[in-house]
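Okay, so here's the structure we're looking at.
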Number of protein chains: 2
Amino acid sequence: MKLINPHLKYSTHQKILVAVDCSIFGFDSKTLKILLFRRKVEPLKGEWSLIGAFLQNDLSIVDGAKQILLESTGLSDIYLEQLRTYGAVKRDPVERVISVGFYSLIRIDELNIRSVEDFDAKWFDINEMPELILDHGDMVKDAIAAFQLKARHEPIGFNLLPEHFTIPQLQSLYESIYQTKRDSRNFRKKVLSLNIIEKTDLKDKTGSKKGAFLYTFKKKVKLKNKERHFLFDF
Amino acid sequence: MKLINPHLKYSTHQKILVAVDCSIFGFDSKTLKILLFRRKVEPLKGEWSLIGAFLQNDLSIVDGAKQILLESTGLSDIYLEQLRTYGAVKRDPVERVISVGFYSLIRIDELNIRSVEDFDAKWFDINEMPELILDHGDMVKDAIAAFQLKARHEPIGFNLLPEHFTIPQLQSLYESIYQTKRDSRNFRKKVLSLNIIEKTDLKDKTGSKKGAFLYTFKKKVKLKNKERHFLFDF
DNA sequence: ACAAAAGTGTTGAGTATACACCCATGA
DNA sequence: TCATGGGTGTATACTCAACACTTTTGT
(Lines give C-alpha, C1' and ligand atoms only; values in the text may rest on other atoms or scores of the structure.)
Protein backbone atom coordinates (compact mmCIF):
# COMPACT_ATOMS: atom_id res chain seq x y z
CA MET A 1 0.00 0.00 0.00
CA LYS A 2 1.38 3.30 -1.05
CA LEU A 3 1.31 6.29 1.20
CA ILE A 4 -0.96 9.10 0.18
CA ASN A 5 0.41 12.59 -0.07
CA PRO A 6 -1.75 14.52 2.40
CA HIS A 7 -1.60 17.69 0.33
CA LEU A 8 -3.02 16.04 -2.77
CA LYS A 9 -6.37 17.42 -3.92
CA TYR A 10 -8.55 16.93 -6.94
CA SER A 11 -9.27 20.60 -6.77
CA THR A 12 -9.19 21.45 -10.43
CA HIS A 13 -12.39 19.50 -10.95
CA GLN A 14 -15.87 20.91 -10.66
CA LYS A 15 -18.04 20.13 -7.71
CA ILE A 16 -21.78 19.57 -8.03
CA LEU A 17 -24.76 19.89 -5.73
CA VAL A 18 -25.99 16.46 -4.69
CA ALA A 19 -29.47 15.77 -3.37
CA VAL A 20 -31.16 12.68 -2.02
CA ASP A 21 -34.85 11.98 -2.71
CA CYS A 22 -36.89 9.17 -1.28
CA SER A 23 -40.11 7.42 -2.32
CA ILE A 24 -41.79 6.21 0.85
CA PHE A 25 -44.21 3.33 0.42
CA GLY A 26 -46.84 2.15 2.86
CA PHE A 27 -49.73 -0.29 2.87
CA ASP A 28 -53.08 0.35 4.52
CA SER A 29 -54.53 -3.18 4.21
CA LYS A 30 -56.11 -2.20 0.92
CA THR A 31 -53.77 -0.42 -1.46
CA LEU A 32 -50.12 0.45 -1.86
CA LYS A 33 -49.58 4.07 -0.95
CA ILE A 34 -46.85 6.63 -1.32
CA LEU A 35 -46.10 9.47 1.05
CA LEU A 36 -45.79 12.80 -0.73
CA PHE A 37 -44.78 16.15 0.65
CA ARG A 38 -45.56 19.72 -0.16
CA ARG A 39 -42.30 21.37 -1.08
CA LYS A 40 -41.23 23.87 1.52
CA VAL A 41 -38.78 25.97 -0.45
CA GLU A 42 -38.73 28.02 -3.60
CA PRO A 43 -38.97 27.37 -6.43
CA LEU A 44 -42.15 25.33 -6.81
CA LYS A 45 -42.94 25.85 -3.14
CA GLY A 46 -46.18 24.13 -2.22
CA GLU A 47 -46.11 21.61 -5.07
CA TRP A 48 -46.15 17.89 -4.38
CA SER A 49 -42.78 16.18 -4.28
CA LEU A 50 -40.81 13.40 -2.76
CA ILE A 51 -39.04 14.14 0.48
CA GLY A 52 -35.45 15.09 -0.12
CA ALA A 53 -32.53 17.21 0.93
CA PHE A 54 -29.08 18.24 -0.15
CA LEU A 55 -26.31 15.91 0.83
CA GLN A 56 -23.77 17.31 3.24
CA ASN A 57 -20.12 16.63 2.74
CA ASP A 58 -19.71 14.79 6.01
CA LEU A 59 -22.55 12.28 5.49
CA SER A 60 -22.49 9.15 3.39
CA ILE A 61 -25.26 8.98 0.83
CA VAL A 62 -27.19 6.34 2.71
CA ASP A 63 -26.83 8.21 5.97
CA GLY A 64 -28.17 11.28 4.24
CA ALA A 65 -31.21 9.30 3.19
CA LYS A 66 -31.66 7.89 6.68
CA GLN A 67 -31.47 11.34 8.18
CA ILE A 68 -34.17 12.64 5.87
CA LEU A 69 -36.39 9.72 6.75
CA LEU A 70 -35.83 10.23 10.43
CA GLU A 71 -36.67 13.91 10.20
CA SER A 72 -39.74 13.45 8.06
CA THR A 73 -41.25 10.30 9.52
CA GLY A 74 -39.69 9.94 12.95
CA LEU A 75 -38.60 6.45 11.99
CA SER A 76 -35.16 4.94 12.00
CA ASP A 77 -34.08 1.46 11.10
CA ILE A 78 -36.43 1.14 8.17
CA TYR A 79 -36.07 -0.68 4.89
CA LEU A 80 -34.17 1.49 2.45
CA GLU A 81 -32.93 0.75 -1.03
CA GLN A 82 -30.95 2.91 -3.39
CA LEU A 83 -32.32 3.26 -6.88
CA ARG A 84 -30.27 5.20 -9.32
CA THR A 85 -28.98 8.71 -9.62
CA TYR A 86 -30.73 11.31 -11.72
CA GLY A 87 -28.31 13.53 -13.51
CA ALA A 88 -29.80 15.44 -16.42
CA VAL A 89 -28.09 18.81 -16.62
CA LYS A 90 -31.31 20.84 -16.52
CA ARG A 91 -33.36 18.64 -14.24
CA ASP A 92 -33.53 21.42 -11.70
CA PRO A 93 -34.43 24.82 -13.12
CA VAL A 94 -32.41 26.74 -10.58
CA GLU A 95 -29.03 25.17 -10.68
CA ARG A 96 -27.32 21.91 -11.57
CA VAL A 97 -28.24 19.31 -8.98
CA ILE A 98 -27.92 15.58 -9.28
CA SER A 99 -30.15 13.48 -7.10
CA VAL A 100 -29.72 10.02 -5.68
CA GLY A 101 -33.07 8.24 -5.59
CA PHE A 102 -34.13 5.85 -2.83
CA TYR A 103 -37.24 4.02 -1.89
CA SER A 104 -38.22 2.90 1.55
CA LEU A 105 -40.88 0.61 2.94
CA ILE A 106 -42.54 1.56 6.19
CA ARG A 107 -45.28 0.26 8.41
CA ILE A 108 -47.99 2.81 8.00
CA ASP A 109 -49.13 2.43 11.59
CA GLU A 110 -45.70 3.26 12.99
CA LEU A 111 -45.55 6.56 11.19
CA ASN A 112 -45.34 9.54 13.49
CA ILE A 113 -48.42 11.61 12.76
CA ARG A 114 -46.88 14.76 14.16
CA SER A 115 -44.08 14.49 11.63
CA VAL A 116 -46.53 14.09 8.83
CA GLU A 117 -48.46 17.17 9.84
CA ASP A 118 -45.35 19.25 10.37
CA PHE A 119 -44.18 18.31 6.91
CA ASP A 120 -47.52 18.80 5.22
CA ALA A 121 -47.39 15.28 3.89
CA LYS A 122 -50.12 13.01 2.62
CA TRP A 123 -50.52 9.38 1.62
CA PHE A 124 -51.64 8.79 -1.97
CA ASP A 125 -52.81 5.66 -3.63
CA ILE A 126 -50.11 4.89 -6.19
CA ASN A 127 -52.78 5.03 -8.87
CA GLU A 128 -54.02 8.43 -7.83
CA MET A 129 -50.93 10.52 -7.54
CA PRO A 130 -50.82 14.22 -8.32
CA GLU A 131 -48.24 15.76 -10.64
CA LEU A 132 -44.84 15.88 -8.98
CA ILE A 133 -42.12 18.47 -9.36
CA LEU A 134 -39.08 18.02 -11.59
CA ASP A 135 -38.36 14.40 -12.40
CA HIS A 136 -39.91 13.06 -9.20
CA GLY A 137 -42.62 11.35 -11.24
CA ASP A 138 -39.91 9.32 -12.99
CA MET A 139 -38.33 8.55 -9.66
CA VAL A 140 -41.59 7.11 -8.39
CA LYS A 141 -42.08 5.06 -11.54
CA ASP A 142 -38.57 3.68 -11.17
CA ALA A 143 -39.12 3.05 -7.48
CA ILE A 144 -42.27 1.06 -8.12
CA ALA A 145 -40.59 -0.97 -10.86
CA ALA A 146 -37.56 -1.68 -8.69
CA PHE A 147 -39.72 -2.62 -5.74
CA GLN A 148 -41.84 -4.93 -7.88
CA LEU A 149 -38.75 -6.60 -9.26
CA LYS A 150 -37.09 -7.04 -5.90
CA ALA A 151 -40.26 -8.25 -4.20
CA ARG A 152 -40.34 -11.11 -6.67
CA HIS A 153 -36.95 -12.27 -5.51
CA GLU A 154 -36.89 -11.43 -1.86
CA PRO A 155 -39.50 -11.33 0.88
CA ILE A 156 -39.31 -7.59 1.36
CA GLY A 157 -43.04 -7.01 1.22
CA PHE A 158 -43.14 -7.92 4.90
CA ASN A 159 -41.58 -4.57 5.69
CA LEU A 160 -44.92 -2.99 4.86
CA LEU A 161 -46.93 -5.16 7.23
CA PRO A 162 -47.28 -5.05 11.00
CA GLU A 163 -45.54 -7.78 12.95
CA HIS A 164 -48.72 -9.87 12.96
CA PHE A 165 -50.72 -10.19 9.76
CA THR A 166 -53.21 -12.54 8.18
CA ILE A 167 -52.78 -14.43 4.95
CA PRO A 168 -55.62 -12.52 3.27
CA GLN A 169 -53.82 -9.29 4.21
CA LEU A 170 -50.60 -10.61 2.73
CA GLN A 171 -52.40 -11.55 -0.45
CA SER A 172 -53.98 -8.15 -0.68
CA LEU A 173 -50.54 -6.59 -0.24
CA TYR A 174 -49.03 -8.54 -3.12
CA GLU A 175 -52.07 -7.88 -5.24
CA SER A 176 -51.64 -4.18 -4.76
CA ILE A 177 -47.90 -4.33 -5.39
CA TYR A 178 -48.46 -6.01 -8.74
CA GLN A 179 -51.92 -4.65 -9.48
CA THR A 180 -53.33 -8.09 -10.12
CA LYS A 181 -55.72 -10.56 -8.53
CA ARG A 182 -54.78 -14.05 -7.36
CA ASP A 183 -56.69 -17.15 -6.39
CA SER A 184 -56.75 -17.31 -2.61
CA ARG A 185 -56.24 -21.07 -2.43
CA ASN A 186 -53.20 -20.99 -4.67
CA PHE A 187 -51.76 -17.98 -2.90
CA ARG A 188 -52.07 -19.59 0.49
CA LYS A 189 -50.52 -22.81 -0.77
CA LYS A 190 -47.59 -20.99 -2.32
CA VAL A 191 -46.87 -18.77 0.66
CA LEU A 192 -47.03 -21.64 3.11
CA SER A 193 -44.79 -23.78 0.92
CA LEU A 194 -42.06 -21.15 1.18
CA ASN A 195 -41.77 -21.68 4.93
CA ILE A 196 -41.20 -18.04 5.63
CA ILE A 197 -44.18 -17.31 7.86
CA GLU A 198 -45.25 -18.80 11.16
CA LYS A 199 -48.77 -19.25 12.42
CA THR A 200 -49.73 -17.87 15.81
CA ASP A 201 -52.76 -18.68 18.01
CA LEU A 202 -54.07 -15.16 17.60
CA LYS A 203 -56.90 -14.14 15.36
CA ASP A 204 -57.59 -10.86 13.66
CA LYS A 205 -61.27 -10.04 13.72
CA THR A 206 -61.16 -6.68 12.00
CA GLY A 207 -61.50 -8.18 8.57
CA SER A 208 -64.33 -10.62 9.11
CA LYS A 209 -66.65 -12.08 11.68
CA LYS A 210 -64.99 -15.43 11.59
CA GLY A 211 -61.56 -13.90 12.06
CA ALA A 212 -58.31 -14.90 10.38
CA PHE A 213 -55.27 -16.40 12.02
CA LEU A 214 -52.33 -14.09 12.47
CA TYR A 215 -48.91 -15.04 11.20
CA THR A 216 -45.44 -13.63 11.76
CA PHE A 217 -42.55 -13.45 9.38
CA LYS A 218 -39.67 -15.77 10.20
CA LYS A 219 -36.64 -13.53 10.36
CA LYS A 220 -33.84 -16.01 9.87
CA VAL A 221 -35.16 -17.64 6.78
CA LYS A 222 -32.70 -19.57 4.70
CA LEU A 223 -34.17 -19.62 1.21
CA LYS A 224 -33.13 -22.20 -1.30
CA ASN A 225 -31.46 -20.93 -4.41
CA LYS A 226 -34.51 -21.36 -6.56
CA GLU A 227 -36.80 -19.70 -4.12
CA ARG A 228 -34.49 -16.76 -3.85
CA HIS A 229 -35.08 -16.11 -7.50
CA PHE A 230 -38.77 -16.74 -7.82
CA LEU A 231 -40.42 -16.00 -4.59
CA PHE A 232 -43.70 -14.74 -5.92
CA ASP A 233 -43.93 -15.18 -9.61
CA PHE A 234 -46.26 -12.38 -10.49
CA MET B 1 -46.50 26.52 -13.95
CA LYS B 2 -44.88 29.10 -11.77
CA LEU B 3 -42.15 31.34 -13.04
CA ILE B 4 -38.74 30.75 -11.58
CA ASN B 5 -36.83 33.65 -10.13
CA PRO B 6 -33.64 33.66 -12.23
CA HIS B 7 -31.56 34.85 -9.32
CA LEU B 8 -32.50 31.98 -7.11
CA LYS B 9 -29.60 29.75 -6.10
CA TYR B 10 -29.14 26.87 -3.71
CA SER B 11 -25.78 28.36 -2.91
CA THR B 12 -25.70 27.83 0.80
CA HIS B 13 -25.40 24.09 0.25
CA GLN B 14 -22.17 22.19 -0.15
CA LYS B 15 -21.07 20.89 -3.50
CA ILE B 16 -19.33 17.56 -3.89
CA LEU B 17 -16.97 16.01 -6.41
CA VAL B 18 -18.81 13.48 -8.55
CA ALA B 19 -17.11 10.75 -10.52
CA VAL B 20 -18.35 8.13 -12.93
CA ASP B 21 -16.81 4.64 -13.03
CA CYS B 22 -17.64 1.92 -15.48
CA SER B 23 -17.26 -1.86 -15.49
CA ILE B 24 -16.77 -2.95 -19.10
CA PHE B 25 -17.67 -6.56 -19.86
CA GLY B 26 -16.71 -8.56 -22.91
CA PHE B 27 -16.93 -12.17 -24.05
CA ASP B 28 -14.20 -13.97 -25.97
CA SER B 29 -16.18 -17.13 -26.89
CA LYS B 30 -14.93 -18.80 -23.74
CA THR B 31 -15.24 -16.67 -20.63
CA LEU B 32 -16.76 -13.43 -19.43
CA LYS B 33 -14.09 -10.78 -19.19
CA ILE B 34 -13.74 -7.34 -17.70
CA LEU B 35 -11.60 -4.53 -19.01
CA LEU B 36 -9.40 -3.00 -16.34
CA PHE B 37 -7.15 0.01 -16.55
CA ARG B 38 -3.98 1.11 -14.86
CA ARG B 39 -4.74 4.31 -13.02
CA LYS B 40 -3.03 7.25 -14.62
CA VAL B 41 -3.10 9.75 -11.76
CA GLU B 42 -1.94 9.99 -8.19
CA PRO B 43 -2.74 8.62 -5.73
CA LEU B 44 -2.51 4.89 -6.43
CA LYS B 45 -1.10 5.62 -9.88
CA GLY B 46 -0.41 2.39 -11.76
CA GLU B 47 -2.84 0.27 -9.77
CA TRP B 48 -5.66 -1.58 -11.50
CA SER B 49 -9.00 0.18 -11.56
CA LEU B 50 -12.18 0.67 -13.50
CA ILE B 51 -12.17 3.39 -16.10
CA GLY B 52 -13.63 6.58 -14.73
CA ALA B 53 -13.52 10.34 -14.66
CA PHE B 54 -14.90 13.31 -12.81
CA LEU B 55 -18.26 14.52 -13.99
CA GLN B 56 -18.30 17.97 -15.51
CA ASN B 57 -21.07 20.35 -14.68
CA ASP B 58 -22.30 20.61 -18.25
CA LEU B 59 -22.67 16.87 -18.89
CA SER B 60 -25.50 14.64 -17.79
CA ILE B 61 -24.36 11.61 -15.82
CA VAL B 62 -25.06 9.19 -18.62
CA ASP B 63 -23.31 11.43 -21.14
CA GLY B 64 -20.34 11.53 -18.81
CA ALA B 65 -20.26 7.75 -18.84
CA LYS B 66 -20.60 7.64 -22.62
CA GLN B 67 -17.77 10.08 -23.04
CA ILE B 68 -15.47 7.99 -20.89
CA LEU B 69 -16.34 4.92 -22.89
CA LEU B 70 -15.76 6.68 -26.15
CA GLU B 71 -12.37 7.94 -25.01
CA SER B 72 -11.21 4.65 -23.58
CA THR B 73 -12.62 2.17 -26.08
CA GLY B 74 -13.36 4.20 -29.18
CA LEU B 75 -16.91 2.90 -29.09
CA SER B 76 -20.14 4.82 -29.01
CA ASP B 77 -23.67 3.53 -28.98
CA ILE B 78 -22.93 0.66 -26.64
CA TYR B 79 -25.06 -1.00 -23.99
CA LEU B 80 -24.80 0.98 -20.79
CA GLU B 81 -26.63 0.55 -17.52
CA GLN B 82 -26.42 2.62 -14.39
CA LEU B 83 -25.80 0.70 -11.19
CA ARG B 84 -25.85 2.67 -8.01
CA THR B 85 -23.89 5.52 -6.54
CA TYR B 86 -21.11 4.93 -4.07
CA GLY B 87 -21.04 7.53 -1.38
CA ALA B 88 -19.08 6.56 1.70
CA VAL B 89 -17.45 9.66 3.11
CA LYS B 90 -13.93 8.24 3.12
CA ARG B 91 -14.13 6.08 0.00
CA ASP B 92 -11.44 8.20 -1.62
CA PRO B 93 -8.40 8.90 0.56
CA VAL B 94 -7.72 12.29 -0.99
CA GLU B 95 -10.99 14.09 -0.85
CA ARG B 96 -14.71 13.41 -0.66
CA VAL B 97 -15.84 12.02 -4.02
CA ILE B 98 -19.03 10.18 -4.74
CA SER B 99 -19.06 7.90 -7.74
CA VAL B 100 -21.85 6.77 -10.00
CA GLY B 101 -21.26 3.19 -11.09
CA PHE B 102 -22.13 1.86 -14.54
CA TYR B 103 -21.60 -1.32 -16.43
CA SER B 104 -21.44 -1.72 -20.16
CA LEU B 105 -21.44 -4.65 -22.52
CA ILE B 106 -19.26 -4.52 -25.60
CA ARG B 107 -18.37 -6.78 -28.48
CA ILE B 108 -14.79 -7.63 -27.78
CA ASP B 109 -13.91 -7.71 -31.47
CA GLU B 110 -15.09 -4.15 -32.04
CA LEU B 111 -12.81 -2.78 -29.38
CA ASN B 112 -10.25 -0.36 -30.68
CA ILE B 113 -6.89 -1.88 -29.86
CA ARG B 114 -5.09 1.45 -30.06
CA SER B 115 -7.34 2.80 -27.33
CA VAL B 116 -6.60 -0.14 -25.16
CA GLU B 117 -2.90 0.28 -25.52
CA ASP B 118 -2.99 4.02 -24.96
CA PHE B 119 -4.91 3.46 -21.79
CA ASP B 120 -2.78 0.61 -20.55
CA ALA B 121 -5.83 -1.59 -20.26
CA LYS B 122 -6.20 -5.34 -20.12
CA TRP B 123 -8.97 -7.90 -20.26
CA PHE B 124 -9.27 -10.12 -17.19
CA ASP B 125 -11.29 -13.23 -16.71
CA ILE B 126 -13.86 -12.26 -14.09
CA ASN B 127 -12.55 -15.05 -11.91
CA GLU B 128 -8.97 -13.89 -12.12
CA MET B 129 -9.13 -10.23 -11.32
CA PRO B 130 -6.35 -8.36 -9.52
CA GLU B 131 -6.97 -6.17 -6.50
CA LEU B 132 -8.68 -2.94 -7.51
CA ILE B 133 -8.32 0.50 -6.00
CA LEU B 134 -10.78 2.04 -3.56
CA ASP B 135 -14.20 0.40 -3.72
CA HIS B 136 -13.89 -0.64 -7.35
CA GLY B 137 -13.92 -4.27 -6.30
CA ASP B 138 -17.38 -3.74 -4.82
CA MET B 139 -18.47 -1.97 -7.96
CA VAL B 140 -17.48 -4.94 -10.06
CA LYS B 141 -19.25 -7.34 -7.73
CA ASP B 142 -22.39 -5.22 -7.93
CA ALA B 143 -22.05 -4.94 -11.69
CA ILE B 144 -21.82 -8.69 -12.11
CA ALA B 145 -24.81 -9.24 -9.85
CA ALA B 146 -26.88 -6.61 -11.64
CA PHE B 147 -25.92 -7.99 -15.03
CA GLN B 148 -26.79 -11.52 -13.97
CA LEU B 149 -30.14 -10.37 -12.65
CA LYS B 150 -31.00 -8.35 -15.71
CA ALA B 151 -29.84 -11.01 -18.14
CA ARG B 152 -32.39 -13.34 -16.61
CA HIS B 153 -35.19 -10.98 -17.51
CA GLU B 154 -34.05 -9.40 -20.73
CA PRO B 155 -32.06 -10.61 -23.69
CA ILE B 156 -29.13 -8.30 -23.07
CA GLY B 157 -26.49 -10.98 -23.35
CA PHE B 158 -26.64 -10.49 -27.10
CA ASN B 159 -24.79 -7.22 -26.68
CA LEU B 160 -21.67 -9.25 -25.98
CA LEU B 161 -21.88 -11.33 -29.14
CA PRO B 162 -21.08 -10.45 -32.74
CA GLU B 163 -24.04 -10.01 -35.07
CA HIS B 164 -23.84 -13.65 -36.15
CA PHE B 165 -23.32 -16.30 -33.52
CA THR B 166 -23.93 -20.01 -33.05
CA ILE B 167 -26.11 -21.63 -30.44
CA PRO B 168 -23.14 -23.32 -28.78
CA GLN B 169 -21.50 -19.88 -28.50
CA LEU B 170 -24.64 -18.47 -26.95
CA GLN B 171 -24.75 -21.32 -24.49
CA SER B 172 -21.15 -20.79 -23.59
CA LEU B 173 -21.90 -17.10 -23.02
CA TYR B 174 -24.72 -17.79 -20.60
CA GLU B 175 -22.67 -20.46 -18.88
CA SER B 176 -19.93 -17.97 -18.24
CA ILE B 177 -22.35 -15.27 -17.10
CA TYR B 178 -23.80 -17.59 -14.49
CA GLN B 179 -20.76 -19.79 -13.93
CA THR B 180 -22.73 -22.96 -14.50
CA LYS B 181 -23.06 -25.76 -17.04
CA ARG B 182 -26.24 -26.55 -18.96
CA ASP B 183 -27.45 -29.44 -21.03
CA SER B 184 -27.03 -28.50 -24.69
CA ARG B 185 -30.32 -30.05 -25.79
CA ASN B 186 -32.33 -28.26 -23.15
CA PHE B 187 -30.56 -24.99 -23.79
CA ARG B 188 -31.21 -25.11 -27.50
CA LYS B 189 -34.85 -26.00 -26.94
CA LYS B 190 -35.34 -23.14 -24.50
CA VAL B 191 -33.62 -20.52 -26.62
CA LEU B 192 -35.50 -21.49 -29.77
CA SER B 193 -38.81 -21.50 -27.92
CA LEU B 194 -38.29 -17.84 -27.01
CA ASN B 195 -38.42 -16.83 -30.66
CA ILE B 196 -35.75 -14.21 -30.26
CA ILE B 197 -33.12 -15.53 -32.64
CA GLU B 198 -33.25 -16.24 -36.34
CA LYS B 199 -31.36 -18.92 -38.23
CA THR B 200 -29.23 -17.96 -41.22
CA ASP B 201 -27.82 -20.16 -43.97
CA LEU B 202 -24.30 -19.44 -42.85
CA LYS B 203 -22.11 -21.78 -40.89
CA ASP B 204 -19.33 -21.04 -38.51
CA LYS B 205 -16.50 -23.51 -38.91
CA THR B 206 -14.09 -22.12 -36.36
CA GLY B 207 -15.57 -24.18 -33.57
CA SER B 208 -15.75 -27.57 -35.21
CA LYS B 209 -15.21 -29.46 -38.41
CA LYS B 210 -18.90 -29.96 -38.93
CA GLY B 211 -19.62 -26.31 -38.43
CA ALA B 212 -22.53 -24.72 -36.60
CA PHE B 213 -25.30 -22.63 -38.08
CA LEU B 214 -25.12 -18.92 -37.42
CA TYR B 215 -28.07 -17.08 -35.92
CA THR B 216 -28.92 -13.42 -35.53
CA PHE B 217 -30.78 -11.71 -32.76
CA LYS B 218 -34.24 -10.46 -33.74
CA LYS B 219 -34.20 -6.82 -32.82
CA LYS B 220 -37.88 -6.06 -32.59
CA VAL B 221 -38.81 -8.85 -30.28
CA LYS B 222 -42.07 -8.52 -28.47
CA LEU B 223 -41.74 -10.73 -25.43
CA LYS B 224 -44.76 -12.00 -23.64
CA ASN B 225 -45.14 -10.90 -20.07
CA LYS B 226 -44.03 -14.19 -18.63
CA GLU B 227 -41.02 -14.43 -20.84
CA ARG B 228 -39.98 -10.95 -19.90
CA HIS B 229 -39.66 -12.16 -16.34
CA PHE B 230 -38.01 -15.49 -16.79
CA LEU B 231 -35.97 -15.49 -19.90
CA PHE B 232 -33.21 -17.77 -18.79
CA ASP B 233 -33.90 -19.27 -15.45
CA PHE B 234 -30.41 -19.81 -14.19
C1' DA C 1 -10.92 -44.06 -39.93
C1' DC C 2 -11.31 -41.24 -36.35
C1' DA C 3 -11.65 -37.24 -33.45
C1' DA C 4 -14.43 -33.41 -32.20
C1' DA C 5 -18.20 -30.68 -31.93
C1' DA C 6 -23.23 -30.12 -33.75
C1' DG C 7 -27.59 -31.54 -33.69
C1' DT C 8 -31.76 -34.16 -32.25
C1' DG C 9 -36.60 -36.50 -28.69
C1' DT C 10 -38.65 -38.59 -24.98
C1' DT C 11 -39.90 -39.40 -20.32
C1' DG C 12 -40.78 -38.25 -15.44
C1' DA C 13 -41.15 -34.91 -11.80
C1' DG C 14 -42.47 -30.85 -9.99
C1' DT C 15 -45.01 -26.62 -10.08
C1' DA C 16 -48.68 -23.42 -11.45
C1' DT C 17 -53.43 -22.94 -12.54
C1' DA C 18 -58.30 -23.53 -12.53
C1' DC C 19 -62.03 -24.33 -9.98
C1' DA C 20 -66.46 -24.66 -5.69
C1' DC C 21 -67.94 -25.51 -1.39
C1' DC C 22 -68.20 -25.54 3.82
C1' DC C 23 -67.01 -22.95 8.19
C1' DA C 24 -67.31 -19.63 11.92
C1' DT C 25 -69.16 -15.62 13.60
C1' DG C 26 -71.42 -11.01 14.57
C1' DA C 27 -75.19 -8.57 13.53
C1' DT D 1 -80.75 -16.76 9.85
C1' DC D 2 -77.97 -14.72 6.96
C1' DA D 3 -74.23 -12.12 5.14
C1' DT D 4 -69.30 -11.91 5.11
C1' DG D 5 -64.88 -13.21 4.58
C1' DG D 6 -61.74 -17.46 6.03
C1' DG D 7 -60.28 -21.77 5.01
C1' DT D 8 -59.69 -26.20 2.36
C1' DG D 9 -58.47 -30.23 -2.01
C1' DT D 10 -58.12 -32.10 -6.59
C1' DA D 11 -57.36 -32.60 -11.45
C1' DT D 12 -54.94 -30.75 -15.56
C1' DA D 13 -51.48 -28.42 -18.13
C1' DC D 14 -47.06 -26.88 -18.43
C1' DT D 15 -42.23 -26.44 -17.87
C1' DC D 16 -37.76 -28.04 -16.35
C1' DA D 17 -34.38 -31.69 -15.93
C1' DA D 18 -32.31 -35.86 -17.04
C1' DC D 19 -30.58 -38.60 -20.34
C1' DA D 20 -27.40 -40.98 -25.33
C1' DC D 21 -26.80 -41.48 -29.84
C1' DT D 22 -26.18 -39.97 -34.81
C1' DT D 23 -24.25 -36.58 -38.11
C1' DT D 24 -20.73 -34.04 -40.43
C1' DT D 25 -16.27 -33.17 -41.92
C1' DG D 26 -11.21 -31.95 -41.62
C1' DT D 27 -7.20 -34.30 -40.73
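Atom CZ of A:F165 is separated from atom P of D:dG5 by 21 Å (rounded to the nearest Å). Between B:K190 atom NZ and D:dT15 atom P there is a gap of 9 Å when expressed in whole angstrom units. With rounding to whole Å, B:R185 atom CZ is found 8 Å from D:dA18 atom C1'. Atom NZ in A:K30 sits about 9 Å away from atom P in D:dG5, given to the nearest Å. In this entry the distance linking CD of B:Q169 with P of C:dA5 reads 13 Å, nearest Å. To the nearest angstrom, P of C:dA16 lies 13 Å from CZ of A:F187. In this structure, B:I167 places its CD1 atom 18 Å from P of C:dA5, rounding to the nearest Å. To the nearest angstrom, C1' of C:dA6 lies 13 Å from CG of B:L214.
The aromatic rings of A:F217 and A:F158 sit parallel to each other, their planes meeting at less than 30°, with 60° as the upper class boundary. In this pair, B:F25 and B:F147 present their aromatic rings parallel. The plane angle is below 30°, not in the 30 to 60° band.
By the 6.0 Å contact criterion, CD on A:E71 is enclosed, its count of non-hydrogen atoms from other residues, nucleotides or ligands being greater than 12. The number of heavy-atom neighbours closer than 6.0 Å to CD of B:E110, taken from other residues, nucleotides and ligands shown, is above 12. Under a cut-off of 6.0 angstrom, the local environment of CG in B:N127 is crowded, with over 12 non-hydrogen atoms contributed by other residues, nucleotides or ligands. Around the NZ atom of B:K141, the shell of radius 6.0 Å holds no more than 12 heavy atoms that belong to other residues, nucleotides or ligands.
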Sub-3.5 Å pairs of nitrogen or oxygen atoms, protein against nucleotides 10-14 of chain C:
from   : atom 1 : to     : atom 2 : distance (Å)
C:dT10 : O4     : B:K189 : NZ     : 2.9

What are the atom names and distances for every N/O pair under 3.5 Å that joins the protein to nucleotides 23-26 of chain C?
from   : atom 1 : to     : atom 2 : distance (Å)
C:dC23 : O2     : A:K210 : NZ     : 3.2
C:dT25 : O3'    : A:K209 : O      : 3.4

Passes side-chain hydrogen bond (donor to acceptor under 3.5 Å, both in side chains), A:S176 versus A:T31? Steps please.
CA-CA 5 Å; A:S176 55; A:T31 60; over 6 Å; no

Checking side-chain hydrogen bond (donor to acceptor under 3.5 Å, both in side chains) for the pair B:D21/B:S99: CA distance, chi angles, key distance, verdict?
CA-CA 7 Å; B:D21 288 296; B:S99 176; 2.6 Å; yes

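When only modelled atom types and interatomic distance are considered, B:K218 and B:T216 share no side-chain donor-acceptor pair under 3.5 Å.
Toward the 5′ end of DNA chain D lies the nearest nucleotide of A:G207, the other residue of the pair A:G207 and A:L192 mapping further downstream.
Phosphate proximity of D:dA17 to B:R182: present, with a side-chain N or O under 4.0 Å from OP1 or OP2. Applying the 4.0 Å criterion to OP1 and OP2 of C:dG7, one finds that B:R188 has a side-chain N or O inside that range.
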